[in-house]
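Predicted, not measured: the structure shown is a model, and the values here were computed from it.
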Amino acid sequence: MRVHEEVDRRLHELSTRLHGPERLKADLLTEARHALEDAVEAYRDGGLPRAEAQRRAVAEFGSDAQLVPGFQAELAVGALHRLALRTLVVAVVLIAAGDLTWQGSSWSSGPPPPQSYLLLSAALNGIWGVVAALALAALLVARWGSPRLVRPARVIGFGLTGSLLVGAVAGGALFGWSIGLWDAALTWPPLIIGMVVVSVAWFALARAARCWVLADRRLAG
């Protein structure tokens, strides 16, 4: 039997009610464990049996209704911070290095692409500019971490995930259009490398966005 079996059970129950970045969640539960174990030891020093000391410590620790909102709000902010940080890095790289995948290609000196293609390319740069601005705003809000900023954080978070979705659709459309215009693009090494890097980046962003959406949903629920 575990020394703090009642504490373990209470923390497991609390864990099942929370969703967010695993490392941050583990840190929060570790802090809760330390607080509970300290309370148990204090009751033990007062002469209570171990089982009763654990029962009182767990009872005074608080119910789910008292604990979950605060813990989940912190997890949601942490998830938003992670999403914003990854997004900002990807946005800066794509804006700064996106055109490098085309420089020196055999088709870059040929006839210019259709005007609509150029408009989509310019729009994609604008989308990533908006994404970068929202990611920066999310980082600032997450850093302050004030309870009064929970609603602004949610608005920024939904704006960020929505902008990422639009960016993914626009980027995929531009890439497909590029392949249709220039067959040699599929054999151009810088573009192939860029495809791999972008795919990895989008996978990381999708995981971070899913984590934030689920954390926010748990908070709202």
Side-chain angles (χ1 to χ4, degrees), residues 7-36 61-96 124 126-172 196-221:
V7 170
D8 293 338
R9 184 183 298 111
R10 181 67 185 97
L11 291 175
H12 176 73
E13 292 172 355
L14 183 60
S15 178
T16 60
R17 297 289 306 277
L18 302 174
H19 185 87
E22 289 300 324
R23 182 175 299 179
L24 177 57
K25 180 179 174 180
D27 289 342
L28 292 175
L29 292 174
T30 298
E31 292 178 6
R33 175 179 294 279
H34 290 163
L36 281 167
F61 186 59
S63 64
D64 283 347
Q66 295 170 315
L67 297 172
V68 169
F71 279 97
Q72 189 57 51
E74 192 165 347
L75 287 169
V77 169
L80 180 60
H81 181 274
R82 186 173 69 168
L83 172 61
L85 187 60
R86 291 185 182 184
T87 300
L88 190 60
V89 171
V90 172
V92 169
V93 170
L94 289 180
I95 292 173
L124 186 59
I127 291 170
W128 277 108
V130 172
V131 167
L134 288 171
L136 184 58
L139 284 175
L140 293 175
V141 170
R143 182 177 180 83
W144 285 330
S146 171
R148 292 175 298 177
L149 297 178
V150 170
R151 180 169 294 180
R154 295 190 68 202
V155 172
I156 294 172
F158 281 119
L160 180 57
T161 52
S163 298
L164 284 172
L165 181 60
V166 172
V169 172
V196 174
V197 172
V198 169
S199 298
V200 173
W202 274 113
F203 178 75
L205 288 178
R207 289 189 62 186
R210 180 179 181 276
C211 180
W212 177 79
V213 169
L214 292 177
D216 179 79
R217 182 181 300 172
R218 188 68 61 88
L219 177 63

Looking at every heavy atom in both [X] and [Y], which two are closest together, and how far apart are they?
{"X": "Pro21", "Y": "Cys211", "value": "N-SG, 3.7 Å"}
{"X": "Leu124", "Y": "Ala170", "value": "CD1-CB, 3.8 Å"}
{"X": "Arg154", "Y": "Asp216", "value": "NE-OD1, 2.7 Å"}
{"X": "Gly157", "Y": "Leu80", "value": "CA-CD1, 3.8 Å"}
{"X": "Leu18", "Y": "Leu75", "value": "CB-CD1, 3.7 Å"}
{"X": "Ser163", "Y": "Leu134", "value": "OG-CD1, 3.4 Å"}

Atom pair [atom1] ([X]) and [atom2] ([Y]), whose distance is rounded to the nearest 0.5 Å:
{"X": "Leu88", "Y": "Leu136", "atom1": "CG", "atom2": "CG", "result": "6.5 Å"}
{"X": "Arg9", "Y": "Leu14", "atom1": "CZ", "atom2": "CG", "result": "14.5 Å"}
{"X": "Ile127", "Y": "Leu164", "atom1": "CD1", "atom2": "CG", "result": "10.5 Å"}

Are any non-hydrogen side-chain atoms of [X] and [Y] less than 4.5 angstrom apart?
{"X": "Leu67", "Y": "Arg10", "value": "yes"}
{"X": "Thr161", "Y": "Leu83", "value": "yes"}
{"X": "Val7", "Y": "Arg33", "value": "yes"}
{"X": "Phe71", "Y": "Leu29", "value": "no"}
{"X": "Lys25", "Y": "Leu28", "value": "no"}
{"X": "Trp202", "Y": "Val90", "value": "no"}

Tested for side-chain contact (heavy atoms from CB on, under 4.5 Å) against His19, the lone hit among Val213, Leu219, Leu214 is Leu214
Do any N or O atoms from the side chain of Ser15 and from the backbone of Leu11 form a donor-acceptor pair under 3.5 angstrom?
-> no
Do the ring planes of Trp212 and Phe158 sit parallel (below 30°), tilted (30 to 60°) or perpendicular (above 60°)?
-> perpendicular
With Glu31, which residues qualify under salt bridge (charged side-chain N to carboxylate O under 4.0 Å, His left out), at least two apart?
-> none
Sequence neighbours excluded, the answer for side-chain hydrogen bond (donor to acceptor under 3.5 Å, both in side chains) partners of Arg86 is none
